[in-house]
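Here the structure comes first, spelled out in structure tokens, and everything after it is commentary.
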2 protein chains.
Amino acid sequence: MSTRGASPTIVDVAREAGVSIKTVSRVLNHEPGVHQSTRDQVLKVVEALRYRPKQSARSLAGGRSFLIGLLYYDPSAIFVGSVQQGATLRCRELGYHLVVESLHNDAPDLRQQIDRMVLALRPDGMILTPPLCDNPEVLAALRESGTPCVLMSPERDIRGVPSVRMDDVHAAEEITNLLLSLGHRRIAIIKGPPDQSASAARYQGFVNALRAHDIEPDPELVQPGAFTFASGRDAAHKLLSGRRRPTAVFASNDDMALGVLAAAHRLGLSVPGELSVVGFDDSPTAALVWPPLTTVRQPVAEMARAAVEMLVAVQRPDMAAPTAAAGLHQVLPHELVVRDSTRAR
Amino acid sequence: MSTRGASPTIVDVAREAGVSIKTVSRVLNHEPGVHQSTRDQVLKVVEALRYRPKQSARSLAGGRSFLIGLLYYDPSAIFVGSVQQGATLRCRELGYHLVVESLHNDAPDLRQQIDRMVLALRPDGMILTPPLCDNPEVLAALRESGTPCVLMSPERDIRGVPSVRMDDVHAAEEITNLLLSLGHRRIAIIKGPPDQSASAARYQGFVNALRAHDIEPDPELVQPGAFTFASGRDAAHKLLSGRRRPTAVFASNDDMALGVLAAAHRLGLSVPGELSVVGFDDSPTAALVWPPLTTVRQPVAEMARAAVEMLVAVQRPDMAAPTAAAGLHQVLPHELVVRDSTRAR
DNA sequence: CTGAAAGCGCTTACAG
DNA sequence: CTGAAAGCGCTTACAG
């Protein structure tokens with residue numbers, strides 16, 4: 001065997017296969033114009049030698065790093081965890097690797113941190129999660145460096161910058177329709193913070209559904225919230241201690257729905273017996289509380305997979321077609337998750 | 001300016017600074033033996049040109065990738081999120097980057113997946129989280145490749161393989177002591193699954209604390225569990241529907257403690273009025289449930305920082321001393337988090 | 001304290 | 001369909 005102490009290089013493979021290193025390179029990069037028998041022979045040697053091209057050499061010579069960056073801010077967010085899961089699996093399938101970087105959204109040296117990553121690593125693409133994907137400074141730094149980006153659920157789409165998202169309006173409409181179909185008419189909503197576009201979208205869906213049933217939203221049943229447990233609990237307390245209680249509450253996210261559950265417990269209201277509650281996100285906790293929460297599952301991992309594909313397609317002409325068909329701004333289907341926090345009245 | 005269209009290279013810096021590229025390299029790598037004025041001059045030019053050495057070139061020439069790998073299995077686990085947060089921040093401070101890979105612990109091609117990552121990327125070190133850090137196949141693959149590893153909270157330490165952990169026994173002892181100090185004497189425990197060493201360690205700490213107070217653990221008050229919400233709920237149901245109820249329950253992790261809370265609610269038992277409950281882990285949900293959970297915070301981010309440091313120290317002689325002092329198997333201090341689920345009886 | 005040469009392991013034009 | 005040469009941007013011995 002020609003395997004010496006060190007790991008084999010392309011030269012070893014070429015020698016063993018009786019071809020030039022250029023041909024080995026062609027085979028490994030799926031380039032056309034190699035005779036099938038030559039290709040097979042090379043692959044056989046590659047397998048036998050357990051040869052893997054070294055990323056640093058490929059990157060230096062070819063200008064492609066096979067690295068995708070994931071920039072995120074909130075580490076505890078389940079959203080990021082799912083993004084990462086989807087992204088890392090798709091990267092593996094496509095021969096890429098995922099480099100993660102936690103950035104504080106208002107760090108004074110944000111620009112330098114990004115520059116450092118981009119200039120040192122030269123990732124072939126970057127996935128941005130909220131709120132970083134809406135940060136003009138981040139976007140500018142990446143644009144100037146020429147790094148392709150995909151925005152995950154940005155506040156609003158940017159011309160020419162690919163994005164992946166779900167349809168918050170329709171999802172909110174659907175979950176409201178579920179409550180309506182269960183016979184609920186006095187349905188309250190706890191909104192998200194005004195500075196997040198998802199808040200408005202979900203509220204819009206809620207209103208759309210009501211109006212389609214000729215119900216005008218009752219201002220008394222619309223409470224502000226902040227996407228936090230405490231804000232949901234406090235809003236619910238107001239809603240539920242009034243004279244004419246709602247029979248159902250739509251919390252604009254799961255954390256607030258958990259707050260609603262806590263408030264209901266405290267007031268001695270049984271859920272779903274006396275009150276139906278729905279959330280949004282399908283957080284891990286949503287299935288663990290009592291009663292398990294009816295909610296909307298965001299297709300986060302799928303969105304991340306799509307993001308990776310869009311980034312990889314930039315460098316692989318053979319993959320460009322399907323992605324182009326999917327469009328620059330992709331919207332992925334969500335899923336209604338019906339559990340035990342909802343019941344017919 | 002000599003900044004052309006492309007980003008500057010070491011040659012540009014050397015020319016601008018009037019030195020050889022070797023000297024620039026020395027300065028950038030903090031090598032000794034460069035006159036201070038020369039060093040300053042080089043750094044000035046580096047700054048002006050916004051020069052960052054390209055990782056792929058450094059890696060190819062120097063054999064160091066400045067990449068640390070993080071191998072994990074469960075993406076939803078808060079543990080992994082915190083590990084990653086700590087690791088990515090420390091990496092940044094040390095000029096490294098974190099590459100993450102999600103591996104299924106019993107994937108048939110686990111070996112290949114690891115080989116692919118190791119041979120392609122040549123990470124300078126690898127951080128392994130449970131249960132991967134206890135997987136002999138993973139360990140063997142990494143050992144053979146010569147990749148330095150640090151195990152995060154492994155089941156048991158391995159001679160010669162660095163690890164970082166917390167002291168489960170003492171932490172369990174402390175939280176049990178808290179209950180004892182509140183006057184509780186009939187304290188139940190819901191154990192973790194027998195195949196995880198943390199289960200035994202936490203139980204041991206529990207027993208130690210009781211015995212120190214001359215209390216022999218009552219077999220009736222010891223329930224098996226599986227670290228899941230459902231197992232905690234079911235165990236609590238048994239414990240709480242008996243004739244002689246415990247006044248406090250120590251759930252061996254937070255998920256099970258949430259199950260205890262649910263069971264207590266269902267049985268109409270007020271927490272902490274009629275029952276004190278403690279968990280372990282300080283999961284994000286622990287602070288969000290009602291009542292907020294008294295628990296133990298694992299120093300996970302700090303453990304990850306330490307892991308990165310140990311890995312980097314391997315290549316940097318100047319950093320080796322402090323780490324050597326800290327030892328191959330580090331134990332980091334935990335923290336008791338007292339919230340509202342505990343009260344004097 | 002500083003530098004000229006060689007080389008890391010690939011890919012990119014360019015030939016044939 | 002296949003290959004020989006050059007070069008990517010650094011670091012590593014080796015000199016002086």
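- Sorted by residue number, the list of members of residues 33-42 of chain B with any non-hydrogen atom under 4.0 Å from DNA chain D is empty.
- Protein atom CG of A:Leu121 is 14 Å distant from nucleotide atom P of D:dC10, rounded to whole Å.
- Residues passing the side chain to side chain donor-acceptor pair (under 3.5 Å) test with A:Gln112: none are found, sequence neighbours excluded.
- Every residue two or more places apart in sequence or in another chain that forms a side chain to side chain contact (heavy atoms under 4.5 Å, CB included) with A:Val46 is listed here: A:Val13, A:Leu28, A:Val42, A:Tyr51.
- When rounded to the nearest whole Å, the span between CD of B:Glu31 and P of C:dT2 equals 13 Å.
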(request) Using a 4.0 Å heavy-atom cut-off, write out nucleotides 3-9 of chain C from 5' to 3' as B (base contacted by protein), S (sugar-phosphate only) or - (no contact). (result) BB--BBB

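- A search for side chain to side chain donor-acceptor pair (under 3.5 Å) contacts involving A:Ser153 returns nothing, not counting sequence neighbours.
- Residues that satisfy the ring pair (Phe, Tyr, Trp, His ring centres under 6.0 Å) test with B:His35, not counting sequence neighbours, are absent from this structure.
- Within the structure, every pair that satisfies the salt bridge (charged side-chain N to carboxylate O under 4.0 Å, His left out) test and touches residues 116-143 of chain A, not counting sequence neighbours, is listed here: A:Glu101-A:Arg116.
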(message) Let's test your reading of the pairing rules: Watson-Crick or G-U wobble, both distances under 3.5 Å, then write DNA chain D as a dot-bracket string with ( ), [ ], | and dots.
(response) |||.||||||||.|||

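- Sorted by first then second residue, the salt bridge (charged side-chain N to carboxylate O under 4.0 Å, His left out) pairs that include residues 45-56 of chain B, not counting sequence neighbours, are A:Asp115-B:Arg50.
- The salt bridge (Lys or Arg N to Asp or Glu O under 4.0 Å) check on B:Arg165 picks up B:Asp157, with sequence neighbours excluded.
- Looking at B:Asn29, its side chain never comes within 3.5 Å of a backbone N or O of B:Arg26 through a donor-acceptor pair.
- Residues meeting the side chain to side chain donor-acceptor pair (under 3.5 Å) test with A:Thr38, sequence neighbours left out: none.
- Taking the side chain to side chain donor-acceptor pair (under 3.5 Å) definition, one finds that B:Glu302 meets it with B:Arg297, sequence neighbours left out.
- For C:dC10, the OP1/OP2 oxygens have no side-chain nitrogen or oxygen of A:Ser25 closer than 4.0 Å.
- Look at CZ on B:Arg15: it is 13 Å from P on D:dC10, rounded to the nearest Å.
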